[in-house]
Structure formats: C-alpha cells, structure tokens
Engineer: 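Let me give you the structure first, and then I'll get to my questions.
By convention in this document, chain letters (A, B, ...) are assigned in the order of the sequence lines, proteins followed by strands, and residues within each chain are numbered from 1. It should be emphasised that the depicted structure is a prediction, and the values quoted were computed from it without experimental measurement.
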There are 2 protein chains.
Amino acid sequence: MYAPNILVCEDEERLRKIIVKYLINEGFHVMEAENGKKALDFFFEQSIDLIILDIMMPEYDGWSVCRSIRQESDVPIIMLTARSEESDRVFGFELGADDYVTKPFSMKELLMRVKALLKRSSNISQDERVIGNIKIDIKAHKVFIGGNEIDLSPKEYDLLIYLSQNKDLALMRENILDKVWGYDYYGDLRTVDTHVKRLRRKIQDSTAKIETVRGVGYRFEVKA
Amino acid sequence: MYAPNILVCEDEERLRKIIVKYLINEGFHVMEAENGKKALDFFFEQSIDLIILDIMMPEYDGWSVCRSIRQESDVPIIMLTARSEESDRVFGFELGADDYVTKPFSMKELLMRVKALLKRSSNISQDERVIGNIKIDIKAHKVFIGGNEIDLSPKEYDLLIYLSQNKDLALMRENILDKVWGYDYYGDLRTVDTHVKRLRRKIQDSTAKIETVRGVGYRFEVKA
DNA sequence: ATTTGCCTGTCACTTATTTGTCACAATAAA
DNA sequence: TTTATTGTGACAAATAAGTGACAGGCAAAT
C-alpha cells in the first residue's frame, strides 16, 4: 500500500508536532513547514497528496499559499483557522480549499477529514471512476453502465463528472451551475433540473441515482 | 451550563466509587455499571457524553464493549487498564478508544483527560451533529435515527438544525421564528407549534425530544 | 449555402409536497 | 372550575420539482 504524502504547514510548533505525530501514527508520510514560503517550496519540489494549512502564518499566510497552489494543482487542501467565522469559511472555499477545520479541534476530527479527502481524491484523480455499476473512463471520455457504453451529451457528461466528484453530498443548484456551467454563467437555475432529468433518464438502469433534496438541490448516490 | 453524562464501567467497586465521587464533585452526571453488559444497556438507553471503561471485567470485557459502542456512536471512550503494555494501548486505539489510562492513576490525571475529551467532542465538526441517537449529516443533508434515515421537509430540517445548535436551552417562539424563518418573517407565532408537532412525530422513536416549556416555548434535549 | 441532426436553455403546465392558519381538543395552572 | 396555554387534525394556498415541447444554436455533411 502506498503511503500518501501529507504536508503540514503550521507555524506554531507545538500544534504542528502533535498533528505530525498523529499522522505518522496513521502511517502517512509527513512533511513539515513552519511558514507559507517553505510550504510552497516543498510543494513544488515534492509530490504532495494533501496539505494541511494554517491561515495565520508569517511569510505568506494560508490564503496566499492556497491561491498559489490552486493555480497549479487540485491537491486536497484542509485549512486550519482559529476563528469560526462563516465568512472565513466561505472565503476559504472560494479560494479552493476542500475542507475547513476550526481550532481547537480534535485529532480524531482532523484525521477523519484527512482520510475522507484522500479517499475522495483517490477516486477523482484516477482516470477511471466508479459509482455503483457506472464506470467513467475519463481519458476515453466514455461512460459505461454494467459494461455497456451509454451515450451522453457534453453537458450531461460534465454534470455526471461533477456529481461523481461530489458523491453523497447535497449540492445546491447554484453550485452545480457555477461548477458545470461556469461562474460567469447567467441563466435560469432550473436549467439544472432539465439536465438532471435527461441524465436521470440515461442512467436509470444503473445502481446510482440522482436524489432530489427538496429545498436544496440534488445528491448523487449509489442506490441503497 | 449543561452537565455532561459520564458512564463509569468498572467491576471493582472500591475504585468505581472513588471515580464516581470525584466526577460528581466536579459537577458531572454520573452513571455506574459494574460490568460490560450493564454498561451497554445504559449506553443504549441513556444519552452518554463520555465513557470510562475498564478492560478487565466479567460479562463482556472492555474491548467488546468498546467495539459494540463504536458501531453506533463516536462518544469519547477512556480505557482503564492494569497493564501498561504498549500493545494494549495500540489495540485500544484501533478499537476506537479516545484515551487510555494505566492503573494506578491519580484522579487528577483522569479528570484532566475527561475534561480534555469533553471539550474536544463538544466542538466536533460542523458537518456531523449527534444528539442522543439522532445523527445529522449536514453535508449530505441527511438525518438518521439509530442508523435509519428519516425524511424531513425543509422547514423541519432547519428547525432541527436550530434546535440541535441550542440543545438544552429554553427557546422562545419569537427566537425560533426569527432564526428559522428569518427576522423579517411576519406570521403567527403558533406556526412554531405546528412545526414542532410535525418534527416531534418524526423523531418520536429517537432518544431526543422537544420538551414544552410552558409560557416560554420549547427545549430540545436528550431523553432522561 | 443549405440541410440535417443533435444539444441546449427556457417556458408552461402538471404533479407532489410543504406550509401556515384556524378551530377545537387537551392539558396544565390558578 | 375557570383560564391560559399548548396539542392537533384538517385544509387551502403556496412552493418546489418533474416533464414535454419547442425554438434557436451549432457543426458536420451535402
């Protein structure tokens, strides 16, 4: 089994050591950086699978580091913050952070999130994605249900990709529109509904489904 | 301030009484079990915030109890053991214990660990919330009672979220209306009653309840 | 240039669910 | 008992989601 490389970027030494200890204990390879500059150096030299990133730091704060990395890579990023401000949270997600943990937190919680993100990204980065009996061959741009190829329009394909990246999460129409159509798309929210309808029809014989979450949007999941 | 419920499971009566005495002295609610079976009974009937669990016991040892509980819950567990074997320690953590205390230990040390664990678990994650045997998965927008998903309307869900954020507090209808319906909502106060009625019906099989506070409003709490 | 054949986004209409209010019953306090 | 407060069933209005239809867009083929 391949041990993922995790980069811990946190200026406060005591906390950093604790995090590192726990991660090593879980069998991860861990690299430490005590400021944003070193984190960036590390990141661009090494192959990193996940980054734990404090926001408040000397020499490039977490926001800057996050932004720089996001220009190059989709590596999962977990932000650590002292404040629990919702606005920070939102800002973090806009910059492309994948998750957000507020201090103080338990190691158990952090480990849970690390594992969850690694699991997801291991599903994503591969060029084959499996959801129930749906198989997506990213490189070939083909989709199969139980071995039989199905035919999707471009938008349907994009939508499916996005849904599969966010399996089991309730997704708002706004989000879907943002991510699939582009943040600058201005159009009817209900357009999403129509595309969901079309996609549903095409995957109806699969073991996956697009569940509607009333008042919110949709959730992609494997049938119970 | 809410007094956490602590379950002490230890067969040796003298030690158990001492632990209980100290915990009560610190203001905790304490329940006692002299063997693993009773501990499990307690746990699945009551709302327990933390468990102190001896390993060597008649009728289900600590390992078994820990395993059973972990299938249902993330409640903090502190294991007590006579041996200081590293292997036991590791085994304990693998089974999901949160902390580990070797006999003989000082009460001061045990209390410290209890408090540390409670502090952590009280601010665990924004995306999973546990109240008795109700589990709310915020990200997935799903609610479970003892592992079974239940179906809530949007308002019911919002109301439950708000109640769970303010567990054990008496909430006035005005407040609930403000926070759940929005400060600009003008409507009948008694609308809250109707929604409470509906939510009560859907969570009636859980270990949580919405208590009526006559003349004031409602209070969400775990059943005694 | 024109035709053909999808793809797409929007709209209108239908269907299903949710919601707020009311009237009356039940319950607790005085 | 009286009174105030809360519980509850019923129902109509409001909201949300599913869906078919359609017209414009776009690209490949003619």
Engineer: Find out whether the Lys NZ or Arg CZ of B:K37 is both under 6.0 angstrom from the six-membered ring centre of B:Y60 and within 45° of the ring's axis.
Structural biologist: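 Output no; distance or angle outside limits.
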
Engineer: Side-chain donor-acceptor pair under 3.5 Å between A:R200 and A:T212, yes or no?
Structural biologist: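 No, no side-chain donor-acceptor pair sits under 3.5 Å.
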
Engineer: Please report, rounded to the nearest Å, how far the P atom of C:dT17 is from the CG atom of B:L152.
Structural biologist: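 After rounding, the gap between these two atoms is 15 Å.
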
Engineer: Let me know the distance between NE2 of B:H195 and P of D:dT8, rounded to the nearest Å.
Structural biologist: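 The distance from NE2 of B:H195 to P of D:dT8 comes to 15 Å, rounded to the nearest Å.
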
Engineer: Figure out the CG/P separation between B:L189 and C:dC22, and round it to whole Å.
Structural biologist: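 Roughly 13 Å, once rounded to whole Å.
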
Engineer: Among C:dG9, D:dA10, D:dT6, find the nucleotide with the atom closest to the side chain of B:R190.
Structural biologist: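 In terms of side-chain proximity for B:R190, the closest of C:dG9, D:dA10, D:dT6 is D:dT6.
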
Engineer: Can you find a heavy atom in the side chain of B:Y22 that is under 4.5 Å from one in the side chain of B:L110?
Structural biologist: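 No, too far: nothing below the 4.5 Å cut-off.
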
Engineer: For B:Y185 and A:T191, find the nucleotide of DNA chain C closest to each by heavy atoms; which residue's nucleotide sits nearer the 5' end?
Structural biologist: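 The 5'-side residue here is A:T191.
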
Engineer: Consider side-chain contact (heavy atoms from CB on, under 4.5 Å). Of A:L152, A:V143, A:V180, A:I136, which one does A:I161 pass it with?
Structural biologist: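 By the side-chain contact (heavy atoms from CB on, under 4.5 Å) criterion, A:I161 pairs with just one of A:L152, A:V143, A:V180, A:I136: A:I136.
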
Engineer: Need the bend value for the helix from C:dA1-D:dT30 to C:dA30-D:dT1: angle between end axes, 5 pairs each end, nearest 10°.
Structural biologist: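 Roughly 20° between the end axes, to the nearest 10°.
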
Engineer: Under 4.0 Å: is that the gap between some side-chain N or O of A:W181 and OP1 or OP2 of C:dT8?
Structural biologist: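 No, outside the criterion.
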
Engineer: Take atom CG of A:D151 and atom P of C:dG5, then tell me their distance rounded to the nearest Å.
Structural biologist: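 My rounded result for the distance is 16 Å.
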
Engineer: Please find the pair of heavy atoms, one from B:C66 and one from B:M79, that lie closest to each other, and give the distance.
Structural biologist: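 Nearest heavy atoms, B:C66 then B:M79: CB-CE, 4.1 Å.
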
Engineer: Consider side-chain contact (heavy atoms from CB on, under 4.5 Å). Of B:L15, B:D54, B:I18, B:V20, which one does B:V8 pass it with?
Structural biologist: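 Result for side-chain contact (heavy atoms from CB on, under 4.5 Å) with B:V8: B:V20.
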
Engineer: Rounded off to whole Å, could you give me the NZ-to-C1' distance for the B:K197 and C:dT27 pair?
Structural biologist: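 Value for this atom pair: 16 Å.
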
Engineer: Could you tell me whether the phosphate oxygens of D:dT5, OP1 or OP2, come under 4.0 Å of any side-chain nitrogen or oxygen in B:R173?
Structural biologist: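 No, because none of the side-chain N or O atoms of B:R173 sits under 4.0 Å from OP1 or OP2 of D:dT5.
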
Engineer: Could you check B:Y186 against A:T194 and say which one's nearest nucleotide on DNA chain C is further toward the 5' end?
Structural biologist: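 Nearer the 5' end of the strand: A:T194.
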
Engineer: Out of D:dT6, D:dA17, C:dG20, which nucleotide sits closest to the side chain of B:K155?
Structural biologist: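 Looking only at side-chain atoms, B:K155 lies closest to C:dG20.
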
Engineer: In terms of relative ring orientation, are B:Y157 and B:H141 parallel, tilted or perpendicular, with 30° and 60° separating the classes?
Structural biologist: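 Correct class here is parallel.
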
Engineer: Would you check, one step at a time, whether the test side-chain contact (heavy atoms from CB on, under 4.5 Å) holds for A:L163 with A:I131?
Structural biologist: CA-CA 10 Å; A:L163 291 175; A:I131 314 95; over 6 Å; no

Engineer: Mind calculating the distance between OH (B:Y157) and P (C:dT19) to the nearest angstrom?
Structural biologist: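 Interatomic distance, OH of B:Y157 to P of C:dT19: 14 Å.
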
Engineer: Send over the distance from A:D193 CG to D:dT15 C1', rounded to a whole Å.
Structural biologist: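 That distance rounds to 13 Å.
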
Engineer: What are the residues of residues 198-224 of chain A, sorted by number, that bring a heavy atom to within less than 4.0 Å of DNA chain C?
Structural biologist: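 Going residue by residue through residues 198-224 of chain A, the ones with a heavy atom under 4.0 Å of DNA chain C turn out to be A:R198, A:R214.
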
Engineer: Return the value, rounded to whole Å, for the distance between atom CG of A:L159 and atom P of C:dG9.
Structural biologist: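 Taking CG of A:L159 and P of C:dG9, I get 11 Å after rounding.
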
Engineer: Looking at B:K223 and B:S206, would you say the former's side chain and the latter's main chain have a donor-acceptor pair under 3.5 Å?
Structural biologist: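 Confirmed, B:K223 side chain pairs with B:S206 backbone.
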
